[in-house]
Colleague: 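The structure follows.
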2 protein chains.
Amino acid sequence: MDARQILKEHIAKTTSLTEDQFDYLFSHFKLQTYKKGQVVIREGDKVDHEYFVLSGCLKAFFINDEIKMYILQFAMPTWWTSDYAALYNQTRASINIDCITDAEVLYISNQDREKICDELHQAEHFFRWRTNRGYLASQKRLLSFMNNDTKARYEELLKLYPQLYNLVPKHLIAAYLGVSRETLSRLYNAHK
Amino acid sequence: MDARQILKEHIAKTTSLTEDQFDYLFSHFKLQTYKKGQVVIREGDKVDHEYFVLSGCLKAFFINDEIKMYILQFAMPTWWTSDYAALYNQTRASINIDCITDAEVLYISNQDREKICDELHQAEHFFRWRTNRGYLASQKRLLSFMNNDTKARYEELLKLYPQLYNLVPKHLIAAYLGVSRETLSRLYNAHK
DNA sequence: TTTAGAATGTGATTTACATCACGTAGCTAC
DNA sequence: GTAGCTACGTGATGTAAATCACATTCTAAA
């Protein structure tokens with residue numbers, strides 16, 4: 001399936017657009033391919049774009065004290081990613097985003113998104129729902145962090161994204177769960 | 001300041017509405033006053049409304065195993081609160097919301113919000129930004145959870161909401177930070 | 001005023017996890 | 001090939017915080 005069709009079907013799940021409206025929206029996106037390991041956003045960068053993943057897997061992460069890595073999000077196909085705090089507040093990136101695998105993305109500038117939202121009520125509707133979905137996911141993860149122990153969070157993650165188990169190295173899963181790779185390894189092996 | 005004016009100024013920060021547009025929007029809100037301790041949403045309830053706090057302080061919390069409480073949000077004046085997962089997905093409430101102090105709120109039904117967003121592009125714009133702000137706050141808190149130790153999170157919280165220190169009991173602050181009240185007490189007294 | 005229930009402080013013990021240390025297996029490059 | 005890097009496993013030890021237990025203060029109701 002081509003990029004245009006993937007985005008179109010993604011939007012159609014929550015918002016009805018005419019062919020012309022979608023074409024207009026789509027004309028503001030650009031396609032980019034990345035190789036495994038390539039950096040999309042580096043801490044300290046100016047952030048102008050947000051990214052819609054077509055294929056592959058990206059990670060958004062934070063490095064503490066130049067040592068510890070915490071993964072905020074694995075961005076899988078049809079997920080959106082960026083440093084939204086930097087994007088909306090016009091500040092420098094405080095997180096990094098790079099590619100765990102080869103990847104294809106569509107990207108759009110903050111300016112263009114705001115312009116289209118202003119011009120096209122339905123686009124504003126779509127982006128409200130997109131943000132809403134992100135908000136609910138973030139709240140759910142926060143609750144899980146407070147409420148569940150590491151083992152339960154690990155099982156929850158694999159249930160939600162079974163692909164991750166084979167796709168990404170275990171130490172990245174540990175960095176998502178917020179535990180050391182050693183703890184995850186022990187948990188995982190004691191488990192059965 | 002009256003309810004109408006508080007909401008009006010709150011919206012004006014991000015969105016321009018004519019007097020007529022605001023009047024129309026405002027006509028869908030109802031005023032409610034609560035006494036300290038009153039319940040707004042109880043786990044298992046049907047959730048039809050979201051709430052805009054005019055005065056006082058509410059808490060949104062989750063009870064685990066009938067024992068441990070985790071606070072998702074302290075809702076202060078000009079903050080919005082509800083069980084949004086339940087509200088948007090039309091499921092029963094999985095969290096509770098009640099009043100830490102006497103409080104006044106404006107509330108609107110999910111149906112009316114969606115209706116107004118549909119009718120009035122500027123309303124959709126406002127609610128996109130409102131949700132966006134919540135998303136950014138939630139991401140920031142998640143990062144803080146992973147990145148900072150309890151003491152740093154405690155200081156961060158008091159810096160963000162100095163009023164909380166005198167307004168709410170310490171065990172609620174502990175429940176927000178995700179630590180036991182004993183740990184918070186020791187931390188707080190060792191601190192100086 | 002008395003009484004009961006919250007809210008808070010503090011010691012003793014246990015526990016989950018981080019950290020350090022070291023080992024092995026597998027992939028990639030030259 | 002082999003040299004080097006990354007991923008991953010596992011033991012030993014240290015530590016922050018949970019948990020349990022009990023005392024004290026404060027508040028609100030009878």
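Every chain is numbered from 1, with letters handed out A, B, ... down the list of sequences.
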Colleague: For B:F126 together with B:H10, are the ring centres under 6.0 Å from each other?
Modeller: yes
Colleague: I need the OH-C1' distance between B:Y70 and D:dA18, as an integer number of Å.
Modeller: 10 Å
Colleague: Is it true that A:Y88 and B:W129 have ring centroids separated by less than 6.0 Å?
Modeller: yes
Colleague: Is it the case that D:dC8 (base atoms only) and A:E182 (side chain only) share a donor and an acceptor within less than 3.5 Å, ignoring hydrogens and angles?
Modeller: no
Colleague: Check the distance between C:dC17's P and B:M146's CE and give it to me in whole angstrom.
Modeller: 16 Å
Colleague: Of B:T183 and A:V179, whose nearest nucleotide on DNA chain C comes first from the 5' end?
Modeller: B:T183
Colleague: Whole-Å distance between D:dT15 P and B:K151 NZ?
Modeller: 17 Å
Colleague: Ignoring hydrogens and geometry beyond distance, is the side chain of A:R186 in donor-acceptor contact with the base of C:dT19 at under 3.5 Å?
Modeller: yes
Colleague: Tell me the interatomic distance from B:R181, atom CZ, to D:dA17, atom P, rounded to whole angstroms.
Modeller: 16 Å
Colleague: With a 6.0 Å cut-off (strictly less than), is the heavy-atom count around NZ of B:K140, excluding the residue itself, greater than 12?
Modeller: no
Colleague: Rounded to whole angstroms, how far apart are NZ on A:K170 and P on C:dG26?
Modeller: 14 Å
Colleague: Taking the minimum atom-to-atom distance to the side chain of B:H171, which one of C:dT10, C:dC17, C:dT8 wins?
Modeller: C:dT8
Colleague: How many Å lie between CG on A:D149 and C1' on C:dT14, as a whole number?
Modeller: 16 Å
Colleague: Hey, do the aromatic rings of B:F74 and B:Y161 have their centres closer than 6.0 Å?
Modeller: no
Colleague: Assuming nearest nucleotide by heavy-atom distance, tell me which of B:L184 and A:S180 is located more 5' along DNA chain C.
Modeller: B:L184
Colleague: Quick one: are the ring centres of B:W80 and B:Y107 less than 6.0 Å apart?
Modeller: no
Colleague: Rounded to whole Å, how long is the line connecting atom OH of A:Y188 with atom C1' of D:dT10?
Modeller: 15 Å
Colleague: On the nucleotide D:dA16, are OP1 or OP2 found under 4.0 Å from the side-chain N or O atoms that B:T150 carries?
Modeller: no
Colleague: Atom NZ of A:K36 to atom P of C:dC27: distance rounded to whole Å?
Modeller: 11 Å
Colleague: Which nucleotide in the set D:dC8, C:dT8, D:dT19 lies at the smallest distance from any side-chain heavy atom of B:K68?
Modeller: D:dT19
